[in-house]
Amino acid sequence: MCEDDHTGIGRRAVFLTGAAAALTLGSVSFAAAADRDGRETRTVRGTLPPGAPDFVYVPVDVPAGVREIKVAYTYDRPAVPAGTAGNALDIGIFDERGTDLGGQGFRGWSGGARTEFFLRADDATPGYLPGPVREGTWHIALGPYTVAPQGLSYEITVTLTYGEPGEALRPVYPPERAKGRGRAWYRGDCHLHSWYSDGRRTPAEIAALARAAGLDFINSSEHNTHSAHAHWADAAGDDLLVLLGEEVTTRNGHVVALGTDPGTFVDWRYRARDNRFGRFARQIRRAGGLVVPAHPHATCIGCNWKFGFGEADAVEVWNGPWTPDDEVALADWDGMLVASVREGRDWIPAMGSSDAHRDPDVVGRPQTVVLADDLTRRAIQDGIRAGRSYIAESAAVNLDFTASGGRGGHAGIGGRLEVDRDTPVTVRLSVTGAPRCTVRFVTDQGVLHTSAPLPVSGVGTVEWRTTASYAAYVRAELRHETAVGPLPGALAAFTNPIFLGRR
């Protein structure tokens with residue numbers, strides 16, 4: 001049983017809201033503000049048991065005449081046995097428009113990154129949306145991410161400041177076009193976090209690191225908030241395209257909304273069993289974005305992807321420094337490629353991003369290198385959606401991967417070489433910036449060719465001959481040397497496939 005105690009108000013009843021995944025507690029009331037000035041504070045205390053709902057809402061009755069609302073919270077962190085999850089409590093807020101799924105009343109979310117926040121017409125804590133504090137019932141949203149066996153005791157302090165509201169801000173968003181090079185290969189990092197969620201860098205600092213890493217585009221992807229969208233305009237420029245999005249962080253996996261319309265918020269308050277993900281995937285696409293499941297085999301609580309890939313436009317196979325969960329994601333993605341060939345259906349391209357939050361996380365490690373018609377939001381998205389891309393650990397690595405055969409036939413990454421089943425095909429990979437790396441050609445039949453290590457210069461060309469009857473697709477991997485053992489080295493780069501044969 002969840003309990004709450006509102007200091008100065010007394011104990012209130014707990015009741016369910018619509019679904020078993022959420023609880024609403026008794027409301028916190030403030031006196032009418034007709035003749036008030038200064039501040040007024042209320043404190044809420046409660047305890048959540050193990051197995052608490054995903055979301056617990058604390059209503060706050062806000063009178064007219066409020067200039068600012070401020071919320072601070074703490075919770076206990078008792079010792080737990082090794083291997084047992086301790087307490088972790090996320091927080092956010094919805095305004096008088098309500099908490100219905102879809103987020104009409106959404107005003108901000110900081111997860112577990114902050115212990116307090118404020119909102120007013122002219123400013124707000126990073127992660128929250130500035131705007132008027134209107135009269136009505138607001139809701140503080142608590143997300144008990146994990147609860148210790150002893151339960152989770154919390155205390156919330158709500159402070160209202162009365163007075164005339166400040167002047168509302170008019171958001172300014174970055175442009176959808178940068179000065180490109182026409183049809184060319186453009187480098188980007190589409191999964192990044194600033195201090196507008198749980199990162200520690202400002203947009204300006206991230207933009208500087210992106211430029212230093214040789215990137216042409218980045219994507220804003222804060223956890224469960226679009227509050228950063230209006231803070232990227234000054235960081236963008238002719239040399240850096242800034243796309244806007246969100247990392248939709250559910251309890252059953254994370255998905256990057258890549259390149260949505262400015263101001264788009266995507267709700268996250270559902271699990272796979274609720275059958276609601278399709279609704280929000282369609283919302284992302286209606287807002288002009290791509291649906292990209294992130295780190296699908298990550299081992300953090302709630303990170304493993306459980307929604308399936310039927311709605312995915314691409315999948316983040318490589319996330320940050322190469323680790324065993326990336327190796328699993330790569331193998332899983334390759335299995336999806338095999339299934340797409342076997343079943344004659346569309347395939348899902350791979351991506352890679354840094355998921356950088358703070359030092360020493362490296363922006364642009366890895367990066368997705370996209371063949372696009374120009375450096376614009378739509379052109380970059382078209383290239384990603386078509387799979388005309390490869391993933392590299394840094395801007396030092398450059399690839400040229402092609403297949404040729406038949407009567408002058410030629411295809412590049414993400415394309416198809418239309419040849420008869422037994423027509424000889426030459427697969428060719430030219431590389432720079434990959435010293436002592438090994439090249440592997442991977443097909444629907446597995447790894448069918450492995451080269452000798454490239455020279456220390458990192459420059460080389462590897463060729464392999466096959467047929468469409470032997471390989472329905474070919475993709476390339478560059479692997480670092482391994483000291484000992486049968487396992488392949490960490491990736492330096494890999495490509496999306498080239499398909500062989502008639503459709």
Side-chain angles (χ1 to χ4, degrees), residues 113 178 185-223 228 232 235-237 239-243 245 247 249 254 256 258 292-300 303 314-330 350-370 380 384 389-399 431-437 458 477-482 488-495:
W185 291 95
Y186 295 100
R187 295 176 177 268
D189 189 343
C190 293
H191 188 165
L192 294 159
H193 296 280
S194 76
W195 66 1
Y196 287 91
S197 60
D198 62 342
R200 293 293 180 268
R201 293 164 172 155
T202 66
E205 289 169 337
I206 292 172
L209 291 170
R211 289 179 168 99
L215 301 183
D216 301 293
F217 65 93
I218 57 177
N219 181 66
S220 173
S221 54
E222 308 297 354
H223 292 285
W232 277 103
D239 62 335
L240 184 66
L241 174 69
V242 178
L243 306 176
E247 184 176 5
T249 306
H254 303 183
V256 172
L258 197 167
V292 184
H295 45 64
H297 292 279
T299 56
C300 47
C303 293
V315 58
E316 187 187 78
V317 170
W318 188 349
N319 176 277
W322 188 258
T323 55
D325 57 276
D326 296 308
E327 196 73 58
V328 174
L330 180 64
M351 292 185 63
S353 294
S354 72
D355 199 1
H357 285 69
R358 60 187 68 83
D359 292 340
D361 298 351
V362 179
V363 172
R365 184 182 180 92
Q367 53 194 244
T368 299
V369 190
V370 184
I380 293 296
I384 292 171
S389 59
Y390 64 89
I391 298 85
E393 65 180 358
S394 74
V397 181
N398 291 275
L399 305 181
V431 182
T432 62
R436 300 296 298 170
C437 285
E477 294 179 0
L478 267 74
R479 298 271 184 170
H480 289 288
E481 286 185 292
T482 54
L491 275 179
F494 75 98
T495 73

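Treat the numbers as computed from the prediction; the structure is a model and nothing was measured. The analysis underlying the following values was restricted to heavy atoms, covering all of them including side chains, and did not include hydrogens, waters or symmetry mates.
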Taking side chain as C-beta onward, heavy atoms only, is Ser389 less than 4.5 Å from Ile384?
-> no
What distance do His295 atom NE2 and His297 atom NE2 have between them, rounded to the nearest 0.5 Å?
-> 12.5 Å
Going by atom types only, do His191 and Asn219 share a side-chain donor-acceptor pair under 3.5 Å?
-> no
How about Leu491 and Leu330: do any of their side-chain heavy atoms sit closer than 4.5 Å?
-> yes
Got a sec, which residues hit salt bridge (Lys or Arg N to Asp or Glu O under 4.0 Å) with Glu222, two or more places apart in sequence or on another chain?
-> none
Begin from the C-alpha positions of Asp216 and Ile380 and carry the test side-chain contact (heavy atoms from CB on, under 4.5 Å) through to its verdict.
-> CA-CA 10 Å; Asp216 301 293; Ile380 293 296; over 6 Å; no
Sub-4.5 Å side-chain heavy-atom contact between Val370 and Phe217 = yes
Start with the C-alpha distance between Val256 and Met351, add both sets of side-chain angles, then the distance that settles side-chain contact (heavy atoms from CB on, under 4.5 Å), and finish with yes or no.
-> CA-CA 11 Å; Val256 172; Met351 292 185 63; over 6 Å; no
Closest non-hydrogen atom pair between Ala235 and Pro203, with its separation = CB-O, 3.9 Å
Ser394 meets the side-chain hydrogen bond (donor to acceptor under 3.5 Å, both in side chains) criterion, sequence neighbours left out, with none
Could you grab the distance from atom CG of Leu258 to atom OG of Ser221, nearest 0.5 Å is fine?
-> 8.0 Å
Calculate, to the nearest 0.5 Å, the distance between atoms CG and CD1 belonging to Leu241 and Ile218 respectively.
-> 9.0 Å
Min side-chain heavy-atom separation Glu393-Trp322 under 4.5 Å | no
Calculate, to the nearest 0.5 Å, the distance between atoms CG and OH belonging to Leu399 and Tyr390 respectively.
-> 5.0 Å
Polar side-chain atom of Asp326 near backbone of Asn319 as donor-acceptor pair, under 3.5 Å = yes
Take Thr368 and Glu316 through the side-chain contact (heavy atoms from CB on, under 4.5 Å) test and state the conclusion after the steps.
-> CA-CA 10 Å; Thr368 299; Glu316 187 187 78; over 6 Å; no
Compare all side-chain heavy atoms of Ile206 with those of Trp232 and state whether any distance is below 4.5 angstrom.
-> yes
Go through the steps for Val317 and Ile391 under the test side-chain contact (heavy atoms from CB on, under 4.5 Å), then give the verdict.
-> CA-CA 9 Å; Val317 170; Ile391 298 85; over 6 Å; no
Between Ser194 (side chain) and Thr202 (backbone), is there a donor-acceptor pair under 3.5 Å?
-> no
For residues Asp325 and Thr299, is any side-chain donor paired with an opposing acceptor at under 3.5 Å?
-> no
Mind listing the closest non-hydrogen atom pair of Glu247 and Ala294 along with its distance?
-> OE2-CB, 4.3 Å
Main-chain N/O of Asp198 paired to Arg358 side chain as donor or acceptor, under 3.5 Å = yes
Mutual orientation of the aromatic rings belonging to His254 and His223 [parallel < 30°, tilted 30-60°, perpendicular > 60°] = perpendicular
Which atom of His480 lies closest to which atom of Ala492, heavy atoms considered | NE2-CB, 3.6 Å
Heavy atoms only: give me the nearest Val315-Pro296 pair and the separation to one decimal.
-> CG2-CG, 4.1 Å
Sorted by chain and residue number, the ring-ring contact (aromatic ring centres under 6.0 Å, His included) partners of Phe494 (sequence neighbours excluded) come out as Trp333
May I ask you to decide if Cys190's main-chain N or O and Ser353's side chain share a donor-acceptor pair within less than 3.5 Å?
-> yes
Locate the shortest heavy-atom distance separating Pro360 from Arg201; write the atom from each residue and the value.
-> C-NH2, 4.4 Å
Looking only at atom types and distance, does a side-chain atom of Asp189 sit under 3.5 Å from a main-chain N or O of Val363, one as donor and one as acceptor?
-> no
Determine the minimum heavy-atom distance between Ala228 and Ser220, stating which atoms define it.
-> CB-OG, 3.8 Å
Do the side chain of Trp195 and the main chain of Ser197 share a donor and acceptor less than 3.5 angstrom apart?
-> no
Asp361 versus His193: any side-chain heavy-atom pair under 4.5 Å?
-> no
